[in-house]
2 protein chains.
Amino acid sequence: MKSTTTKGSNAYAAACPTRVVLDRIADKWAVLILGLLQEEPIRFNRLRKQIEGISQKMLSQTLKKLERDGLVGRKAIPTVPVTVEYSITPLGRTLSAMLDGLRVWAETHIEKVLIAQKRYDSGSRGSR
Amino acid sequence: MKSTTTKGSNAYAAACPTRVVLDRIADKWAVLILGLLQEEPIRFNRLRKQIEGISQKMLSQTLKKLERDGLVGRKAIPTVPVTVEYSITPLGRTLSAMLDGLRVWAETHIEKVLIAQKRYDSGSRGSR
DNA sequence: CATACTTAGTATCGAATTGAAACCTAAGGA
DNA sequence: TCCTTAGGTTTCAATTCGATACTAAGTATG
């Protein structure tokens, strides 16, 4: 093996626990949630409004997983209708810093990807 | 064309094309495939053996999507049983560089995540 | 000649995940 | 009493996934 992923565990082994982390990272909702929490703690319904297209179920599920993994913290405040504030943990912050790179990549290279898709789709074997 | 939100395109809008890219990135198999191709072109069955747990179907599907997005190239070589070589494109390489960060993060912080999971699971409302 | 084996997929089917929508709980206000 | 808010959970259909089987074309083996 060469340089990139050669320190101890490797994600290419099915039994490696790194797969657990990779599965969490490879979740578009988790990426978006962590991105928002990076700036400030946010309540449940505000997250729901800011992330267009997410369902309550997926938001709830994803937050629970992120909390379990120690990436976000959950604080229930006993106000009138109880409000719950989600915040990013120091560990989550280190991950979100990595994910920032991805979000930027997506926004930077989206055009090239769309052009590639068009070319592929108009190619001979494109239609299916 | 960019979306009209605050800073260029933003992935938090459901209709934003950036979501397309985010969906591709948020795919554990794509992350692993790009990581392998980074080093050298690889054939289909070799990829299948190196990425433990991937099915032929998912490998085939994921490669097709990556090709469509212009992230990997496909070259069919008319050898005996035809061999097909997959390689990373320059565009794919810029993405994989970002993903390296994630793979390293996963391998570096796996222990902290597992500890957090244990603590969560033994916590008050952990099991149901 | 017939069978088995190769690579790179596709087809099919049950299982798991997701999405959309409705429902639930608890407290305050009209 | 009913409505509203906040934060979920439940339900069910649709999509996706994983495992297995099958295709194609050519080679090697018996």
Side-chain angles (χ1 to χ4, degrees), chain A residues 12-15 19-20 22-33 36-37 41-68 72-87 120 123-128, chain B residues 12 14-15 19-20 22-33 36-37 41-68 72-87 120 124-128:
Chain A
Y12 293 94
R19 277 280 178 91
V20 173
L22 191 56
D23 278 337
R24 183 73 356 96
I25 292 167
D27 177 334
K28 85 180 158 188
W29 299 131
V31 172
L32 293 172
I33 289 171
L36 283 179
L37 293 183
I42 313 185
R43 288 180 294 105
F44 186 88
N45 275 329
R46 185 152 165 67
L47 279 171
R48 188 154 73 98
K49 275 162 210 151
Q50 297 223 326
I51 302 173
E52 289 182 22
I54 196 171
S55 66
Q56 283 184 313
K57 188 177 85 171
M58 289 313 294
L59 180 55
S60 175
Q61 267 180 24
T62 308
L63 283 170
K64 220 175 280 178
K65 286 180 189 171
L66 289 172
E67 189 194 354
R68 189 170 103 101
V72 313
R74 180 183 186 277
K75 188 169 74 172
I77 304 158
T79 53
V80 175
V82 62
T83 52
V84 180
E85 194 178 76
Y86 290 94
S87 56
Y120 181 94
S124 52
R125 77 257 165 267
S127 54
R128 17 188 337 274
Chain B
Y12 293 94
R19 277 279 177 91
V20 174
L22 190 57
D23 278 337
R24 184 75 355 95
I25 292 165
D27 177 334
K28 85 180 158 190
W29 300 131
V31 172
L32 293 172
I33 290 171
L36 282 179
L37 293 183
I42 313 185
R43 287 180 294 105
F44 187 88
N45 275 330
R46 185 151 163 68
L47 279 171
R48 188 153 74 96
K49 275 163 209 149
Q50 297 222 327
I51 303 172
E52 289 181 22
I54 197 170
S55 65
Q56 282 182 313
K57 189 175 87 172
M58 289 313 294
L59 180 55
S60 175
Q61 268 181 22
T62 308
L63 283 169
K64 218 175 283 177
K65 286 180 189 171
L66 289 172
E67 188 195 354
R68 188 170 104 100
V72 313
R74 180 186 186 276
K75 189 169 73 173
I77 305 159
T79 54
V80 177
V82 61
T83 52
V84 180
E85 194 178 77
Y86 290 94
S87 57
Y120 181 95
S124 49
R125 76 254 166 269
S127 53
R128 34 186 327 279

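Labels below follow one simple rule: chain letters A, B, ... track the order of the sequence lines, proteins then strands, and each chain is numbered from 1.
Each of Lys65(A) and Val82(B) was assigned the nucleotide of DNA chain C with the nearest heavy atom; the assignment lying further toward the 5' end belongs to Val82(B).
Remark: side-chain polar atoms of Glu52(A) are paired, donor with acceptor, to backbone N or O of Ala14(B) under 3.5 angstrom.
To the nearest angstrom, P of dG18(D) lies 15 Å from CD of Glu52(B). Rounded to whole Å, atom P of dG9(C) lies 13 Å from atom CG of Leu66(B). Between the CG atom of Leu59(A) and the P atom of dG8(D) there is a distance of 8 Å, given to the nearest Å. Separating the CD atom of Gln56(A) from the C1' atom of dT11(D) is a distance of 14 Å, rounded to the nearest angstrom. Atom-to-atom, CE of Met58(A) to P of dA13(D) comes out at 19 Å; the value is rounded to the nearest Å. Here the P atom of nucleotide dA6(D) and the CD atom of Glu85(A) are 14 Å apart, to the nearest Å. Put simply, CD1 on Ile42(A) is 16 Å from C1' on dG7(D), counting in whole angstrom units. Here dG9(C) presents its P atom at 9 Å from CG of Asn45(B), a figure rounded to the nearest Å.
Here the CG-OG1 distance, from Asn45(B) to Thr83(B), works out to 10.5 Å after rounding to the nearest 0.5 Å.
Listed nucleotides dC12(D), dA8(C), dT27(D) differ in distance to Lys57(A); the shortest reach to its side chain belongs to dC12(D). Among the nucleotides dT27(D), dT18(C), dC17(D), the one closest to any side-chain atom of Gln61(B) is dC17(D). Counting only heavy atoms from C-beta on, Ser60(B) has its side chain closest to dG9(C) among dG18(D), dG9(C), dG8(D). Looking at the side chain of Pro81(B), the nearest of the listed nucleotides dT7(C), dA19(D), dG9(C) is dT7(C). With distances taken from any side-chain atom of Thr83(B) to the nucleotides dT7(C), dT18(C), dA19(D), the minimum falls on dT7(C).
Checking the phosphate oxygens (OP1, OP2) of dG8(D), a side-chain nitrogen or oxygen of Tyr86(A) falls inside 4.0 Å. The shortest distance between the side-chain N/O atoms of Trp29(B) and the OP1/OP2 oxygens of dT16(D) is not below 4.0 Å. For Lys64(A), a side-chain nitrogen or oxygen approaches OP1 or OP2 of dT9(D) to under 4.0 Å. For the pair Arg74(B) and dG9(C), the criterion of a side-chain N or O lying under 4.0 Å from OP1 or OP2 is met.
By the 4.5 Å heavy-atom criterion applied to side chains, Tyr12(B) and Ile51(A) are counted as neighbours. Proximity of Ile77(B) to Val82(B): side-chain heavy atoms (C-beta onward) are nowhere separated by under 4.5 Å. You'll find the side chain of Leu36(A) reaches within 4.5 Å of the side chain of Leu47(A), heavy atoms only.
Note on Arg46(B): nothing from the nucleic acid sits closer than 4.0 angstrom, heavy atoms only. When heavy atoms are screened at a 4.0 angstrom cut-off, Arg43(A) is found touching the sugar-phosphate backbone but no base atom.
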